[in-house]
Number of protein chains: 2
Amino acid sequence: MNSIDWDQALRGLGKKSTPQRKALLTALALQDKPASVEDIFVEVRDHHKTSLSTVYRNLEWLFAQGLINKQGFPGEKARYSLKREHHEHTLVCIDCQKIVAITGCPLDSYAAEVGRRENFVVVDHRMEMYGYCQQCSHTRGRV
Amino acid sequence: MNSIDWDQALRGLGKKSTPQRKALLTALALQDKPASVEDIFVEVRDHHKTSLSTVYRNLEWLFAQGLINKQGFPGEKARYSLKREHHEHTLVCIDCQKIVAITGCPLDSYAAEVGRRENFVVVDHRMEMYGYCQQCSHTRGRV
DNA sequence: ATAAGAATAGGAATGATTTGCATTTATTAT
DNA sequence: ATAATAAATGCAAATCATTCCTATTCTTAT
């Protein structure tokens with residue numbers, strides 16, 4: 001929302017607070033759905049001189065910190081989104097790419113069970129659902 | 001298991017039954033976990049002259065047909081696996097990349113519920129769990 | 001204000017995947 | 001069986017997202 005928050009957040013993580021980083025975080029906060037690197041780059045560049053490599057580097061770092069989500073198939077462009085307070089997954093329309101956030105993930109207890117069974121310390125999971133949104137179902141003659 | 005099955009399957013789908021395709025399907029059937037294109041290529045090449053592009057082309061086609069799974073993050077190499085009778089997901093070790101197949105997915109009824117709530121026709125989902133396998137947990141001093 | 005280290009911009013490099021095309025092969029009709 | 005023909009293959013070149021390199025510019029602590 002404002003750059004002061006980002007300043008503090010970045011310093012707290014031992015990183016310098018650069019205009020590019022703040023603009024990047026602001027750009028992410030503006031998105032209502034996972035955005036491609038290109039989208040984010042364009043958004044950041046509207047406010048500050050920047051380069052694609054800077055955007056990539058910072059996104060990757062934010063992802064490693066667990067502050068943002070990264071999703072997509074291999075061979076596709078990655079899409080990033082800020083992590084919300086509540087653990088969230090997405091529902092993606094196969095036709096129009098519309099993305100809806102879904103809440104209420106049933107996987108945590110399952111993760112614990114699987115970890116026990118397989119002798120893993122399960123620390124995270126990724127889940128995405130695919131289908132057709134209402135409009136696209138109609139267009140394609142689906143119910 | 002045998003090439004006769006693949007012959008029939010391929011013809012039924014309107015495709016020519018080539019040695020490369022049969023070897024590819026056999027290679028996939030041999031894997032007990034999702035394999036990289038490179039792995040599959042090497043396996044196929046043990047039995048027939050082939051090329052990476054042929055492997056790529058056929059894997060992509062099989063995936064489009066819904067006969068195999070494709071998984072991995074963007075920026076990672078894709079991994080493919082034959083679809084089994086039982087819906088399957090994977091558990092991946094963050095350190096050593098060991099992959100374990102896990103069965104018993106609790107997401108189907110959840111998918112139906114989400115679809116109803118969001119007015120989507122949910123047709124598929126992807127889910128992968130991440131953690132540390134027993135060895136790597138020890139190495140890293142984790143419990 | 002300055003020094004020291006971190007971060008950036010820009011471009012080159014990488015590497016998985018895709019594509020173009022000439023050749024080979026599996027199918028179908030003869 | 002053979003020839004015709006459309007599809008599939010192999011190889012090399014192209015693509016394209018992402019990563020890497022490094023000289024220069026900023027941030028921050030002093």
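What you see is a predicted model; the values in this text were computed from it and never measured. Residue numbers start from 1 in every chain, and the chains themselves are labelled A, B, ... in the order their sequence lines are given, proteins ahead of strands.
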Close N/O contacts between protein and nucleotides 28-30 of chain C (under 3.5 Å):
none

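- Between D:dT18 and A:Tyr56, a contact under 4.0 Å exists linking OP1 or OP2 to a side-chain N or O.
- Atoms CD and CD1, from A:Glu118 and B:Ile102 in turn, are 7.5 Å apart once rounded to the nearest 0.5 Å.
- Contact annotation: B:Lys49 reaches the phosphate of D:dC11 (side-chain N/O to OP1 or OP2, under 4.0 Å).
- Map B:Pro19 and B:Lys77 each onto its nearest nucleotide of DNA chain C; the residue landing nearer the 5' end is B:Lys77.
- How far CG of A:Leu59 is from CG of A:Leu28: 6.0 Å, rounded to the nearest 0.5 Å.
- For B:Ser81 and B:Gln31, the side-chain atoms include no donor-acceptor pair closer than 3.5 Å.
- Atoms CG (A:Asp39) and P (D:dT18) sit 12 Å apart, rounded to a whole Å.
- To the nearest angstrom, P of D:dA8 lies 16 Å from CD of B:Glu60.
- The aromatic rings of B:His87 and B:His125 sit perpendicular to each other, their planes meeting at more than 60°, with 30° as the lower class boundary.
- Ion pairing between B:Lys70 and B:Glu60 holds under the 4.0 Å rule for side-chain N and carboxylate O.
- The aromatic rings of B:Tyr130 and B:Phe73 are tilted relative to each other, their planes meeting at an angle between 30° and 60°.
- For the pair A:Thr50 and C:dA9, the criterion of a side-chain N or O lying under 4.0 Å from OP1 or OP2 is met.
- To the nearest angstrom, P of D:dA13 lies 16 Å from CG of B:Leu52.
- For B:His48 and D:dA8, the NE2 to C1' distance is 15 Å, given to the nearest whole Å.
- Side chain of A:Arg21 to backbone of A:Lys16: a donor-acceptor contact under 3.5 angstrom is found.
- Following rounding to the nearest Å, B:Phe41 (CZ) and D:dG10 (C1') show an atom-to-atom distance of 10 Å.
- In this structure, B:Ser51 and B:Gly75 both approach DNA chain D, and ranking their closest nucleotides by distance from the 5' end singles out B:Ser51.
- Residue contacts shown for A:Pro74 are absent, as no nucleic acid heavy atom lies under 4.0 Å away.
- Defined by atom type and a distance below 3.5 Å, a donor-acceptor pair is missing between the side-chain atoms of B:Trp6 and B:Ser17.
- Note that CG of B:Leu82 and CG of B:Leu67 are 8.0 Å apart. Values are rounded to the nearest 0.5 Å.
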Query raised in the report: What one-letter contact string describes nucleotides 1-7 of chain C from 5' to 3', where B marks a base within less than 4.0 Å of any protein heavy atom, S marks contact via sugar-phosphate atoms alone, and - marks no contact?
Result: ----BSS

